[in-house]
Amino acid sequence: MDSAILPSTLLLTLLLSVGLFFFIRASTKDRTTKAQLVSQQDEATLMPKLKEYFRSRSYQVAAIDPEKNQVVFEGFVQPSRFLAVFLTLLTSAGMICLSLVLSLLFPNFGKLFLPLVLLSPLSGLFYWKKAGRLEKVSLQMEEASQCEFGSPSKITIVAHRDELMELQRALELKSVD
């Protein structure tokens with residue numbers, strides 16, 4: 001084989017490994033965002049629906065601040081089994097590729113690199129330990145007189161990005177953006 005092919009293949013494989021490392025790390029990143037949503041329903045109608053929505057998603061009321069008209073919900077978010085298995089499979093494929101390139105580059109030590117694949121379950125374990133966490137959702141309702149969007153209710157919510165999208169879809173809320 002050409003002498004320039006193996007080192008360049010090793011370089012590309014190492015770059016892909018770095019990308020895989022950051023992908024695994026990003027799978028556990030906190031994606032809490034703040035959004036302002038409006039509804040055509042008034043506060044008296046909307047608040048029980050919001051409480052029921054969060055109760056059905058296994059959140060519980062953690063704190064209520066009547067002065068600010070704010071409610072904080074808490075719930076434990078389970079990690080995804082599919083994502084844990086997927087990350088483990090991706091890591092094992094990456095480790096196999098790295099082992100093959102290293103064994104071609106250093107043929108005398110070729111069999112020593114194959115056990116690197118045994119490290120791949122650590123990525124699934126890392127995800128599983130970091131992704132399962134207690135999530136908080138802060139919800140603040142504003143009075144109708146404060147809303148300038150032509151809607152009876154305006155909600156300021158701080159929650160996980162995916163939770164916000166699901167809430168908007170389930171209760172037909174519109175974003176202020």
Side-chain angles (χ1 to χ4, degrees), residues 1 4-37 50 53-63 70-140 155-171 173-177:
M1 222 181 241
I5 292 175
L6 285 177
S8 63
T9 304
L10 177 63
L11 177 67
L12 291 174
T13 305
L14 289 175
L15 287 174
L16 288 171
S17 297
V18 169
L20 177 62
F21 170 76
F22 282 109
F23 181 73
I24 292 167
R25 207 176 88 189
S27 68
T28 62
K29 183 179 176 188
D30 184 30
R31 289 175 168 75
T32 302
T33 58
K34 183 177 182 178
Q36 291 186 334
L37 306 173
L50 287 168
Y53 169 81
F54 285 114
R55 190 196 60 73
S56 71
R57 306 267 301 169
S58 299
Y59 284 90
Q60 298 173 356
V61 176
Q70 183 176 16
V71 180
V72 177
F73 294 94
E74 270 185 359
F76 184 77
V77 176
Q78 290 285 345
S80 165
R81 288 186 182 144
F82 170 77
L83 193 54
V85 170
F86 180 67
L87 290 173
T88 302
L89 291 175
L90 277 179
T91 305
S92 63
M95 290 297 187
I96 288 171
C97 292
L98 183 62
S99 298
L100 287 174
V101 171
L102 288 173
S103 67
L104 287 173
L105 198 57
F106 305 107
N108 295 337
F109 305 106
K111 293 185 179 179
L112 295 176
F113 296 118
L114 200 53
L116 284 175
V117 177
L118 297 176
L119 296 175
S120 60
L122 292 177
S123 64
L125 186 63
F126 170 79
Y127 165 76
W128 195 262
K129 292 210 180 247
K130 295 281 187 174
R133 61 182 172 268
L134 195 63
E135 291 276 338
K136 288 189 177 188
V137 176
S138 174
L139 181 76
Q140 183 176 5
I155 308 163
T156 303
I157 185 166
V158 179
H160 190 276
R161 177 180 67 188
D162 297 336
E163 194 67 55
L164 285 172
M165 288 188 296
E166 183 62 26
L167 176 67
Q168 278 185 273
R169 188 196 62 74
L171 297 181
L173 303 171
K174 297 192 182 358
S175 183
V176 171
D177 302 88

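Residues Tyr127 and Thr88 form no side-chain contact, since every pair of their non-hydrogen atoms from C-beta on lies 4.5 Å or further apart. Under the 4.5 Å side-chain criterion, counting only non-hydrogen atoms from C-beta, Leu102 is not in contact with Phe109. In this structure, His160 and Arg31 have side chains that are in contact, with non-hydrogen atoms separated by less than 4.5 Å.
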Could you walk me through whether Glu74 and Lys136 pass side-chain contact (heavy atoms from CB on, under 4.5 Å), step by step? CA-CA 5 Å; Glu74 270 185 359; Lys136 288 189 177 188; 2.9 Å; yes
Walk me through whether Leu98 and Leu14 qualify under side-chain contact (heavy atoms from CB on, under 4.5 Å). CA-CA 7 Å; Leu98 183 62; Leu14 289 175; 3.8 Å; yes
Would you sort out whether Phe54 and Val61 count as a side-chain contact (heavy atoms from CB on, under 4.5 Å), showing the intermediate values? CA-CA 9 Å; Phe54 285 114; Val61 176; over 6 Å; no
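Pairing each heavy atom of Glu163 with each of Tyr53, the nearest pair is OE2-OH, 2.8 Å. Of all heavy-atom pairs spanning Thr91 and Leu20, the tightest one is CA-CD2, 3.7 Å. In this structure, Leu83 and Ser27 approach most closely via the heavy-atom pair CD2-CB, 4.4 Å. The minimum heavy-atom distance linking Leu104 with Leu6 is given by the pair O-CD1, 3.7 Å. Of all the heavy atoms in Gly75 and Tyr59, the pair that sits closest is N-CD2, 3.4 Å. Of all heavy-atom pairs spanning Ser120 and Ser123, the tightest one is O-OG, 2.8 Å.
Here the CG-CG distance, from Leu37 to Leu50, works out to 9.0 Å after rounding to the nearest 0.5 Å. Taken to the nearest 0.5 Å, the CD atom of Gln36 stands 9.5 Å off from the CD atom of Gln140. Separation of atoms CG (Leu100) and OG1 (Thr13) is listed at 9.0 Å; rounding is to 0.5 Å. Note that CG of Leu114 is 7.5 Å distant from CD1 of Ile96, once rounded to the nearest 0.5 Å. Separating the CG atom in Leu16 from the CG atom in Leu12 is a distance of 7.0 Å, to the nearest 0.5 Å. Note that NZ of Lys130 and CG of Asp30 are 12.0 Å apart. Values are rounded to the nearest 0.5 Å.
Aromatic ring pairs are classed by plane angle as parallel below 30°, tilted from 30° to 60° and perpendicular above 60°; the pair Phe23 and Phe86 is perpendicular.
Crowding of Arg133 atom CZ: a count of heavy atoms from other residues, nucleotides or ligands under 6.0 Å exceeding 12.
In this structure, the side chain of Ser99 engages the main chain of Phe113 through a donor-acceptor pair within 3.5 Å.
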